[in-house]
Amino acid sequence: MSRAGAELSILFSPGCVQLLQEEVLVQGPKVLVTGATGLLGRAVCREFQAGGWTVVGTGYRRARPRFLYCDLTDEDGVRRLLHQFKPDLIVHCAAERRPDVVERLADATVQLNVNATGTLAKEAALCGALLLYISTDYVFDGRNPPYGEDDAPNPLNMYGRSKLEGEREVLRHCPGSVILRVPVLFGEVESVAESAVTSLWLKVQEGTEDSCLLDHCYQRFPTDTRDVAAVCRKLAERAKQLTEQPAGSAPRPINCQLNCSRLELLNLSVQPKPFMSAITDCLWPFTPDKRWRQTVFH
Ligand code: NAP
């Protein structure tokens, strides 16, 4: 990493990562992106870098040389990474997301999609980082679209079940986290087969001159990874604005409007006074120029 762009130097040694804080002049907020070598993670890293964040991306088999190696199923490694980098935000993209592979490698999938997510959530809660967990539309069974946040999930396959379990781990260990369910993705691919959307193009190429065989049963809603990445950054920045407290002050709720419906049922005949006239009455004794009342509010 260049000194101009970021303030952390990164040392690699086999199987472990060391981050050394060089200078105290941390400029942007810090984000840790898991799955940074993947289809979505790459776009997320680019988006946060362009937005002035200090970004550390982790990968696994494809990690080096551009990203940090971290096996997320290694709890100690994850702990070390978070304690050393101390991110403000974690965007958790890493997962096994190929449904057929998941059916074959069920145990390894649970390790990554569920247990590693639980570890990250615990560590995020400990270090006070906001956790943004990328989930999937496959938590639903597809029988009654469109789905909202409050609709009951009912995954049809192991992949969907593991991502739903991941969501539950996140909420159990790190309340206040953000869960973003996304549909099938496409974007800047390393090979055409990397995305289920661009791989259709392969099938078209493989067909004869005027026909190729594709199923038209499933309806999908392809989404550009750059759009998802932009949503991640803007969500994080919005959450940060909402949660930032002046130094040394106690945390306060953002909006704790009270629902008065039960009180209203009692019909106590108390008409609330309009705020403008009520506050004018309160301040009236303190106004040096009593004409203020007329000039300002009437
Ligand atoms: P992807 O391209 O398959 O990338 C998976 C990432 O996980 C890679 O960076 C991989 O690292 C990393 N990984 C695998 N095993 C790991 C381990 N043991 N420790 C640490 N990292 C490990 O996935 P994606 O398409 O970017 O998906 C991102 C997220 O979006 C996932 O949570 C997925 O469930 C969700 N999603 C994706 C789609 C889609 O169409 N792609 C649709 C809906 C939801 P290496 O490659 O370096 O090994």
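The figures that follow rest on heavy atoms only: side chains count, while hydrogens, waters and symmetry mates do not. Residue numbers start at 1 and run along the sequence shown. Counting starts at 1 for both ligands and their atoms, in listed order. Being a predicted model, the structure only gives us computed values, none of them experimental.
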Scan the side chains in residues 256-266 for donor-acceptor partners under 3.5 Å anywhere in the protein, sequence neighbours excluded, and list what turns up.
residue : atom : partner : partner atom : Å
Asn259  : OD1  : Ser261  : N            : 2.9
Asn259  : OD1  : Ser261  : OG           : 2.8

Which ligand 1 atoms are under 4.0 Å away from a heavy-atom of [X]?
X	answer
Arg61	45 (P), 47 (O), 48 (O)
Cys93	28 (C), 29 (C), 31 (C), 32 (O)
Leu40	26 (O), 28 (C)
Gly59	47 (O)
Leu39	2 (O), 25 (O), 26 (O)
Thr37	8 (C), 9 (O), 10 (C), 11 (O), 45 (P), 46 (O), 47 (O)
Ile134	29 (C), 30 (O), 32 (O), 35 (C)
Val184	40 (O), 42 (C)

Residue-level breakdown please: for [X] versus ligand 1, do any non-hydrogen atoms fall below 4.0 Å on the side chain, on the backbone, on both, or on neither?
X	answer
Pro183	backbone
Tyr159	side chain
Lys163	side chain
Leu112	side chain
Cys70	backbone
Ser135	backbone

Check your understanding: Is the shortest distance from a heavy atom of Ala196 to ligand 1 less than 4.0 Å?
Key ->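 False for this residue.
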Shortest non-hydrogen contact from [X] toward [Y]:
X	Y	answer
Asn113	Tyr133	O-OH, 4.2 Å
Val228	Leu185	CG2-CD2, 3.9 Å
Ala229	Ala43	CB-O, 3.5 Å
Cys212	Lys203	CB-O, 3.9 Å

Check your understanding: Does one side chain, of Thr117 or Glu169, offer a donor that lies under 3.5 Å from an acceptor on the other?
Key -> no
Look at [atom] and say which protein heavy atom is nearest, naming residue and atom and giving the distance to 0.1 Å.
atom	answer
atom 19 (N) of ligand 1	Leu72 N, 3.0 Å
atom 18 (N) of ligand 1	Asp71 OD1, 3.1 Å
atom 43 (C) of ligand 1	Val182 O, 3.2 Å
atom 3 (O) of ligand 1	Arg97 NE, 3.1 Å
atom 13 (N) of ligand 1	Tyr60 CB, 4.0 Å
atom 4 (O) of ligand 1	Gly38 CA, 3.4 Å
atom 6 (C) of ligand 1	Gly35 CA, 3.8 Å
atom 5 (C) of ligand 1	Ala95 O, 3.5 Å

Practice item. Evaluate the side-chain contact (heavy atoms from CB on, under 4.5 Å) criterion for residues His92 and Val170: first the C-alpha distance (whole Å), next the side-chain angles of each, then the deciding distance (0.1 Å), finally the verdict. Key: CA-CA 10 Å; His92 181 31; Val170 165; 5.7 Å; no
Point to revise | Partners passing side-chain hydrogen bond (donor to acceptor under 3.5 Å, both in side chains) against Arg220 (at least two apart in sequence or in another chain) | key: Tyr138
Practice item. Consider every N or O of Leu185 and every N or O of ligand 1, then say whether any pair is closer than 3.5 Å. Key: yes
Check your understanding: Is Arg161 salt-bridged to Glu165, going by a charged N under 4.0 Å from an acidic O?
Key ->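 Salt bridge between Arg161 and Glu165, a charged N being under 4.0 Å from a carboxylate O: no.
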If you define the side chain from C-beta out and look only at heavy atoms, does anything of [X] sit under 4.5 Å from [Y]?
X	Y	result
Asp76	Asp74	yes
Val55	Phe67	no
Leu82	Ile90	yes

Check your understanding: Any idea which of Glu190, Arg62, Arg98 brings a heavy atom closest to atom 47 (O) of ligand 1?
Key -> Arg62
Review point. Do you reckon Ile134 sits in the same ILVMFWY cluster as Trp53, going by side-chain contacts under 4.5 Å, direct or chained?
Key: yes
Review point. Under a single-linkage definition using a 4.5 Å side-chain heavy-atom cutoff for Ile, Leu, Val, Met, Phe, Trp and Tyr, are Val192 and Val184 assigned to the same hydrophobic cluster?
Key: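 Different hydrophobic clusters.
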Check your understanding: Considering the options Lys163, Arg181, Glu167, which one meets the side-chain hydrogen bond (donor to acceptor under 3.5 Å, both in side chains) requirement together with Ser135?
Key ->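 Per the side-chain hydrogen bond (donor to acceptor under 3.5 Å, both in side chains) rule, the option paired with Ser135 is Glu167, out of Lys163, Arg181, Glu167.
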